[in-house]
Amino acid sequence: MEKLGQDFYSGKNVVLLAKQLIGKVLVTDFNGFRTSGRIVETEAYNGVIDKASHAYGGRNTNRTKVMYMPGGTAYVYLCYGIHHLFNVVTNQENIPHAVLVRALEPLDGIEKMLERTGKPKLDNSLTRGPGNVSKALGIAASHSSLSLLGDHIYIMDDGFTIEPSTVIASPRIGVDYAAEDAALLYRFYVAGNKYVSGKNKPLNVSQYPIRNP
DNA sequence: CTGACGATTCACT
DNA sequence: GTGAATCGTCAGC
């Protein structure tokens, strides 16, 4: 059981990092309430050359400047006026790579997550989809720019390994506006896991070959 | 200052 | 499958 450190987040290949984050444990600890879940779905956003990225073309605004911070920083933003989406900034300073965490399998603090989301009981909607992940873990836009090397939001490797053949690569969700980049296989998920959002091919692995970029 | 809109979710048909 | 909710952000005037 060990917290991911700077070396992990400094990795230069954001697509590989998105894949490597599958199976890790995302933890938040606010006001003494610890909540966590195993990451089962991620998406990579490949910096200035990725039309689906907020930093495409070097775009650097008050909101997106967080993406230019060093790897290991939280990038959280409000989407559709309702949902806070949590991303892990990767690579080094001034290279705006990020990984969106889209789904978790709940582990610790499920009662607290139910309280935050107003759900009556645990089901697959608690941490399914990026908006729900943030809501359940208590992550808000005000946490953007927070270091993941600190004590409030961080990611653990607990030694649990997802069978590699069950980690599927697919196109990202909701990025049709990104033209040809919408087809890139930058989304990763655990095949058949009930917390995975959107399309979830249970077993037909061959259709979406995993490529180590 | 203004208007269009989004890396979504949920209720409803 | 369709549509509403809801507001900070950002490009453009």
Side-chain angles (χ1 to χ4, degrees), chain A residues 14-15 17-19 21-22 26 37 39-69 71 73-91 95-106 113-146 148 153 155 168-189 193-200 208:
Chain A
V14 68
V15 180
L17 282 172
K19 185 174 155 191
L21 279 170
I22 297 290
L26 175 60
I39 297 170
V40 296
E41 182 183 359
T42 61
E43 284 179 1
Y45 286 85
N46 193 22
V48 300
I49 62 169
D50 181 356
K51 290 182 178 177
S53 170
H54 290 164
Y56 175 62
R59 195 146 143 277
N60 188 337
T61 68
N62 200 47
R63 177 183 65 156
T64 64
K65 65 184 180 188
V66 173
M67 300 180 80
Y68 293 80
M69 291 175 72
T73 301
Y75 169 48
V76 188
Y77 75 98
L78 182 65
C79 189
Y80 292 98
I82 304 174
H83 309 290
H84 298 264
L85 305 210
F86 170 76
N87 297 252
V88 176
V89 174
T90 68
N91 213 309
I95 300 183
H97 286 181
V99 176
L100 171 67
V101 176
R102 292 190 56 89
L104 306 174
E105 185 170 313
M113 295 192 227
L114 292 172
E115 177 189 325
R116 286 174 178 147
T117 56
K119 293 180 186 297
K121 61 179 175 55
L122 174 63
D123 64 19
N124 64 7
S125 74
L126 184 64
T127 50
R128 185 181 204 258
N132 290 330
V133 166
S134 298
K135 194 171 183 182
L137 292 193
I139 297 172
S142 60
H143 296 119
S144 202
S145 83
L146 195 65
L148 302 181
I153 306 178
I155 300 175
I168 313 296
S170 83
R172 293 169 289 187
I173 306 285
V175 297
D176 292 345
Y177 60 85
E180 72 276 12
D181 288 346
L184 296 169
L185 302 180
Y186 282 2
R187 169 173 174 251
F188 298 93
Y189 63 88
N193 187 284
K194 65 182 179 179
Y195 293 97
V196 172
S197 68
K199 298 189 187 70
N200 178 355
Y208 291 119

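FYI, side chains are in, hydrogens and waters are out, and symmetry mates aren't considered; it's all heavy atoms of this structure. The structure displayed is predicted, hence computed values, not measured ones. Labels below follow one simple rule: chain letters A, B, ... track the order of the sequence lines, proteins then strands, and each chain is numbered from 1.
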task: With the side chain of A/Y75 defined as its heavy atoms from C-beta on, choose the nearest nucleotide among C/dC10, C/dT6, B/dA7.
output: B/dA7
task: Step by step, work out the salt bridge (Lys or Arg N to Asp or Glu O under 4.0 Å) result for A/E41 and A/R128.
output: CA-CA 9 Å; A/E41 182 183 359; A/R128 185 181 204 258; over 6 Å; no
Nearest listed nucleotide, side chain of A/N87, among B/dA7, C/dA11, B/dG6: B/dA7
- prompt: Of all the base pairs, Watson-Crick or G-U under 3.5 Å, which form stems of three or more consecutive pairs involving DNA chain C?
  reply: B:1-6 with C:7-12, B:8-12 with C:1-5
task: Check the distance between B/dA4's P and A/Y80's OH and give it to me in whole angstrom.
output: 17 Å
task: Sticking with atom P, work out how far B/dT2 lies from C/dT6, rounded to a whole angstrom.
output: 22 Å
query: What is the distance from OH of A/Y77 to P of C/dT9, rounded to the nearest Å?
result: 12 Å
Closest listed nucleotide, where the reference is the side chain of A/N132 and the choices are B/dG6, C/dA11, B/dC10: B/dC10
task: Identify which nucleotide among B/dG6, C/dT9, B/dC10 has an atom closest to any side-chain atom of A/R63, counting heavy atoms from C-beta outward.
output: C/dT9
- prompt: Between B/dA7, B/dT8, B/dC10, which nucleotide has the shortest distance from any of its atoms to the side chain of A/V175?
  reply: B/dA7
field: Short side-chain N/O contact from A/K119 to OP1 or OP2 of B/dC10, under 4.0 Å
entry: yes
task: Indicate, yes or no, whether a donor-acceptor pair under 3.5 Å links the base of B/dA7 to the side chain of A/H83.
output: no
- request: When you get a sec, tell me which of B/dT8, C/dT6, C/dC10 is the closest nucleotide to the side chain of A/I82?
  value: C/dT6
